Each structure stands twice: as structure tokens, then as C-alpha cells.
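Here the structure comes first, spelled out in C-alpha cells, and everything after it is commentary.
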Protein chains: 2
Amino acid sequence: MEKCTNEAHHHSKHNHQLCYEHTMQTIEKLCAKRNIRLTPQRKTVIQLMLNADKAMSAYDLLDQLKEIEPQAKPPTIYRALDFLIEQGFVHKVESINCYIICPHFDDPSHISILFICDKCQSIIEEHSPIIEAQLQSLAQKNMFIIQHSVLEIHGTCQHCANQIVGQ
Amino acid sequence: MEKCTNEAHHHSKHNHQLCYEHTMQTIEKLCAKRNIRLTPQRKTVIQLMLNADKAMSAYDLLDQLKEIEPQAKPPTIYRALDFLIEQGFVHKVESINCYIICPHFDDPSHISILFICDKCQSIIEEHSPIIEAQLQSLAQKNMFIIQHSVLEIHGTCQHCANQIVGQ
DNA sequence: TGCATAACGATATATGATATTATTAATAAA
DNA sequence: TTTATTAATAATATCATATATCGTTATGCA
Ligand SMILES: [Zn+2]
Ligand SMILES: [Zn+2]
Ligand SMILES: [Zn+2]
Ligand SMILES: [Zn+2]
């Protein structure tokens with residue numbers, strides 16, 4: 001099946017339901033393997049994010065979560081997000097205070113480069129060994145020890161650029 | 001005179017006062033040239049940031065501004081920051097919601113790469129044509145039009161790394 | 001069963017940022 | 001000089017994002 005990313009969800013017609021269930025199953029297996037608990041609440045948050053097809057703010061997610069669990073409060077969603085980020089299933093998009101499912105959580109060995117469409121909030125995740133090497137080189141020059149990289153590129157996605165031209 | 005960056009301020013013994021005045025004068029000249037007003041309030045905010053030697057949050061700056069202008073409120077500091085960012089004198093550090101003076105505001109033709117020390121909040125600014133080209137290449141592959149890039153690398157600076165080893 | 005730990009619920013509070021409207025200061029035009 | 005126009009500042013309210021705290025409940029294990 002076609003690799004399912006936010007981008008694919010958003011702009012193609014592949015079988016979303018199949019892909020969605022496949023992702024959930026992969027996450028469930030990984031949690032079992034790591035001996036950590038994927039509680040119904042955490043699972044619900046993943047489901048909300050998978051269905052969104054775009055970056056979601058904590059309060060966007062909270063509003064949706066409340067429809068299922070009316071007692072949910074800000075700490076509820078932040079605790080779930082903390083867990084999911086810690087486990088590598090979710091990225092925080094720092095420059096817009098939003099959150100996405102990482103489409104490559106089964107291979108966390110790379111630095112993620114996010115291309116963020118400011119029109120539709122869809123996000124393409126890319127990777128580049130060249131950039132990683134170059135960053136390491138710059139770090140060494142300054143005797144800096146890298147712990148975590150935030151690479152977020154803002155602009156307009158193909159879909160939205162076409163819409164503007166087409167009008 | 002030695003080029004004055006946050007890093008230089010923080011970890012060397014160069015003449016801060018000289019450098020500080022040199023930076024202020026350069027900004028004043030640029031504003032005159034652009035025919036925009038560097039009001040006392042805006043100048044004060046620049047001074048606070050230059051004296052800080054590290055990334056400052058809006059409310060850190062507001063607290064200090066209040067000591068000089070007691071009537072200052074949140075919009076006061078955000079208006080000043082908006083102006084300074086627009087003019088390229090200041091960067092927002094998205095991943096920590098803080099602000100720094102850009103040490104290269106006289107040459108805004110580059111994408112800035114920020115190396116942020118999570119121990120002391122000092123920031124080194126670097127640039128890399130290789131990374132810029134590689135990002136463009138990734139963007140083209142996805143038919144993405146880049147408008148603004150956020151490249152923020154977190155870790156430990158030389159100074160803080162030595163402190164840890166030295167203990 | 002009893003204990004330790006992790007998760008959850010609930011409230012409060014902190015932090016970050018914008019909207020709105022009013023007021024004042026600076027500049028330009030008449 | 002008066003008036004018009006614009007830019008800057010002030011004050012308040014409101015929205016948005018995130019954390020602290022503490023008590024309760026669920027889960028896994030000795
Ligand atoms: Zn990822
Ligand atoms: Zn788009
Ligand atoms: Zn800069
Ligand atoms: Zn440091």
C-alpha cells in the first residue's frame with residue numbers, strides 16, 4: 001500500500017481507512033514490545049490526529065477529545081501528547097505550537113525536516129543526511145554538542161499553490 | 001574590534017561597552033537610511049536585549065522595561081518586538097518563545113541557523129549555503145514554495161560543557 | 001492482599017500573544 | 001497657524017498555550 005503521510009492523506013485518494021488501521025496496529029505492536037501502556041485515552045488522541053490530516057493545536061485536540069471524554073481538561077491532552085512525543089509517535093511543530101503524527105515513528109534514527117503549508121497546515125516530513133552532516137560540522141566548529149534539532153520550513157504546498165493559480 | 005555576537009559577549013572579555021555602542025550606532029544609521037523611527041522605547045528594548053547576552057522572553061523584557069517605563073504592558077513589548085523583527089534587527093527563537101538581537105542584521109540575505117544552549121540560553125548564529133541549497137532541493141522535489149525557515153539546534157555550548165566536565 | 005507505580009481527574013495558575021479602543025505625538029498640508 | 005493625517009503609545013480585555021498541584025483510581029507485581 002502507498003506510504004501514508006499527512007500529505008498522502010490530504011491530497012490523494014488512497015484507502016485512508018486501511019492505512020489508518022495499519023498505523024494504529026503498528027503503534028499498538030510497538031507499545032506492547034516496549035511494555036508501555038497505550039490507554040484508550042492515548043489511543044483516542046492518536047485517532048484524532050490521524051483523522052485530522054493536518055497539524056493540530058493542543059486545544060483543537062482537546063475540543064475533539066471532549067466530545068468523547070467530556071471530563072477532559074488541558075492537562076489531559078498535554079499528558080497524552082507528552083507520552084506520545086516521548087515515545088516518538090508525535091512531533092511538536094514548535095513554530096506553530098501544533099502537533100502531528102510522525103509518519104516515520106518506526107525509524108526514529110533521523111532528524112525530521114518539516115515543510116509546513118501556512119495555507120492549509122498540511123505538513124510534509126523529509127530527511128537529509130547532507131543537512132545532518134552539515135549541522136554536525138557547524139556544531140563542531142563551535143564546540144557545540146547537539147541534542148535536538150528543530151527544522152521547520154514554512155511556505156505553500158503544491159496543492160495550495162495550484163489553487164491560487166487556478167483562481 | 002572583535003565581532004560581537006551573543007556568544008562573544010557571554011564568554012570572552014572584549015570591550016562590551018564599545019561593542020554595545022557600535023551596534024546601537026549601526027542600528028540608528030540603518031533606521032535613518034530606511035526612514036523609519038527608532039523611538040526611545042524601541043531603543044530601550046534593544047538596549048535590554050544587548051545587555052542580556054542571552055535569549056529573552058517577551059515577559060522577561062517587559063519586566064525590565066517596566067523598571068524604566070512603569071506604564072509598559074504586554075502590548076508595549078510585543079509592538080516593539082514586532083517592529084524590530086520586521087526590520088531584521090531581532091529574531092524570534094520559535095522553539096523557546098524567546099527573542100535575540102540578530103548579530104548580522106546588516107546582511108539579511110541568509111537563512112539563520114541558531115545553536116541554542118539549553119543550559120545558559122546563549123545562542124550562536126550560523127549560516128550555510130549548502131543547507132540552504134539542500135532545503136531548496138527538497139522543496140522542489142515536493143513542489144513546495146519556501147517562504148521562511150526556522151532552523152534551531154538545541155544542545156550544550158562549549159562553555160557549559162566545560163563546566164560540567166570541570167566539576 | 002498489600003504495595004508501588006502509572007495514569008487520570010479536577011482546579012488553579014502561569015505564560016505567551018492579540019484585539020480593541022482611546023489617547024497622544026509627530027508630520028504634512030492648507 | 002490651523003487642520004488633517006498618520007504613527008506611536010496607553011489601557012484593558014480577551015484569547016491561546018502550557019504547567020503545577022494534589023487527590024483519586026487503575027494496573028502490575030511481590
Ligand atoms: Zn518524524
Ligand atoms: Zn497547503
Ligand atoms: Zn540573524
Ligand atoms: Zn551554555
Side-chain angles (χ1 to χ4, degrees), chain A residues 27-28 31-46 48-49 52 54-87 89-100 116 118 121 150 152, chain B residues 28 31-32 34-46 48-49 52 55-87 89-100 118 121 150 152:
Chain A
I27 289 178
E28 277 170 2
C31 287
K33 199 165 142 191
R34 292 176 191 170
N35 212 24
I36 52 170
R37 276 189 270 173
L38 188 65
T39 62
Q41 197 172 63
R42 290 164 175 176
K43 206 168 157 179
T44 302
V45 174
I46 293 173
L48 293 176
M49 298 184 82
K54 58 165 189 167
M56 298 283 280
S57 78
Y59 279 71
D60 286 346
L61 289 168
L62 179 56
D63 286 343
Q64 295 196 5
L65 181 60
K66 272 180 178 163
E67 291 175 17
I68 300 161
E69 304 188 11
Q71 80 294 356
K73 302 274 182 322
T76 315
I77 194 68
Y78 281 105
R79 272 195 299 250
L81 287 171
D82 283 349
F83 171 86
L84 295 172
I85 291 167
E86 210 173 274
Q87 293 301 322
F89 301 137
V90 164
H91 290 304
K92 175 169 186 189
V93 189
E94 298 284 356
S95 54
I96 53 174
N97 292 317
C98 283
Y99 304 82
I100 54 167
I116 303 158
D118 291 327
Q121 276 64 59
V150 175
E152 301 179 359
Chain B
E28 276 170 2
C31 287
R34 291 176 192 169
N35 212 25
I36 51 170
R37 274 187 271 174
L38 188 64
T39 61
Q41 198 171 63
R42 290 165 176 174
K43 206 168 157 180
T44 303
V45 174
I46 293 173
L48 293 176
M49 297 183 82
M56 297 283 280
S57 79
Y59 281 69
D60 286 346
L61 288 168
L62 178 58
D63 285 344
Q64 294 196 7
L65 181 61
K66 273 180 178 164
E67 292 175 16
I68 300 161
E69 305 188 13
Q71 79 293 358
K73 299 276 181 314
T76 316
I77 195 67
Y78 281 108
R79 268 193 310 255
L81 288 171
D82 284 349
F83 171 88
L84 296 173
I85 290 168
E86 211 173 276
Q87 293 301 324
F89 301 135
V90 163
H91 290 304
K92 176 171 185 191
V93 188
E94 298 284 355
S95 54
I96 52 174
N97 294 316
C98 284
Y99 303 83
I100 53 167
D118 292 327
Q121 275 65 59
V150 175
E152 301 178 358

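All of these numbers come straight from a predicted model, not from anything done at the bench. Computed over heavy atoms, backbone and side chain alike; hydrogens, waters and symmetry mates excluded. Labels below follow one simple rule: chain letters A, B, ... track the order of the sequence lines, proteins then strands, and each chain is numbered from 1.
Taking for each of A:D82 and B:F83 the nucleotide of DNA chain D with the nearest heavy atom, the 5'-most of the two is the partner of B:F83.
Nearest nucleotide to the B:P74 side chain, out of C:dC8, C:dT18, D:dA10: C:dT18. Closest to the side chain of A:A58, out of D:dA18, D:dT9, C:dA17, is D:dA18.
If you measure from atom CD of B:E86 to atom P of D:dA8, you get 10 Å, rounded to the nearest angstrom. Between the P atom of D:dT14 and the OH atom of A:Y59 lies a distance of 18 Å, rounded to the nearest Å. With rounding to whole Å, A:E94 atom CD is found 12 Å from C:dA17 atom P. Rounded to an integer number of Å, the gap from CZ of B:R42 to C1' of D:dT9 is 10 Å. Rounded to a whole Å, the NZ atom of B:K43 is 18 Å from the C1' atom of D:dT9. Between A:K92 atom NZ and D:dA18 atom C1' the separation is 8 Å, expressed in whole Å. Going from atom CD1 of A:I77 over to atom P of D:dA16 covers 16 Å, rounded to whole Å. Whole-Å rounding puts the B:L84 CG to D:dA8 P distance at 12 Å.
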Are B:F83 and B:I36 close enough, and set up right, to give a side chain to side chain contact (heavy atoms under 4.5 Å, CB included), and what steps lead you there? CA-CA 10 Å; B:F83 171 88; B:I36 51 170; 3.9 Å; yes
Just do the side chain to side chain contact (heavy atoms under 4.5 Å, CB included) check on B:L81 and B:M49 with the steps written out, would you? CA-CA 11 Å; B:L81 288 171; B:M49 297 183 82; 4.2 Å; yes
Side-chain donor-acceptor pairs of residues 69-78 of chain B under 3.5 Å, sequence neighbours excluded:
from  : atom 1 : to    : atom 2 : distance (Å)
B:E69 : OE1    : B:Q41 : NE2    : 2.9
B:E69 : OE1    : B:Q71 : NE2    : 3.3
B:K73 : NZ     : B:Q71 : O      : 3.2
B:T76 : OG1    : B:K73 : N      : 2.8
B:T76 : OG1    : B:K73 : O      : 2.9

Table please: side-chain donor-acceptor pairs of residues 55-63 of chain B below 3.5 Å, with sequence neighbours left out.
from  : atom 1 : to    : atom 2 : distance (Å)
B:S57 : OG     : B:Y59 : N      : 3.4
B:S57 : OG     : B:D60 : N      : 3.0
B:S57 : OG     : B:D60 : OD1    : 3.4
B:S57 : OG     : B:D60 : OD2    : 3.3
B:D60 : OD2    : B:S57 : N      : 3.3

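The phosphate of C:dA17 has OP1 or OP2 within less than 4.0 Å of a side-chain N or O from B:N97. When the side-chain nitrogen and oxygen atoms of B:S57 are compared with OP1 and OP2 of C:dT15, none of them lie within a distance under 4.0 Å. For A:Q41 and C:dC8, the shortest distance from a side-chain N or O to OP1 or OP2 is below 4.0 Å. Close to D:dA18, at under 4.0 Å from its OP1 or OP2, lies a side-chain N or O of A:Y78. Phosphate proximity of D:dA7 to B:T39: absent, as no side-chain N or O sits under 4.0 Å from OP1 or OP2. Taking 4.0 angstrom as the limit, B:Y99 places a side-chain polar atom (N or O) nearer than this to OP1 or OP2 of C:dA17.
Remark: B:I85 engages B:V90, B:K92, B:Y99 in a side chain to side chain contact (heavy atoms under 4.5 Å, CB included) (not counting sequence neighbours). For B:F89, the ring-ring contact (aromatic ring centres under 6.0 Å, His included) partners are B:F105, not counting sequence neighbours.
B:E152 places a side-chain N or O within 3.5 Å of a backbone atom of B:E94 that can act as its donor or acceptor partner.
Rounding to the nearest 0.5 Å places CG of A:L65 at 6.5 Å from CG of A:L48. Rounding to the nearest 0.5 Å gives a distance of 8.0 Å between CZ of B:R37 and CZ of B:R42.
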Using a 4.0 Å heavy-atom cut-off to protein, can you give one letter per nucleotide of nucleotides 20-30 of chain D, 5' to 3': B if the base is in contact, S if only the sugar-phosphate is, - if neither? B------S---
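Residues from residues 60-73 of chain B lying near DNA chain C, meaning a heavy-atom separation below 4.0 Å, are absent.
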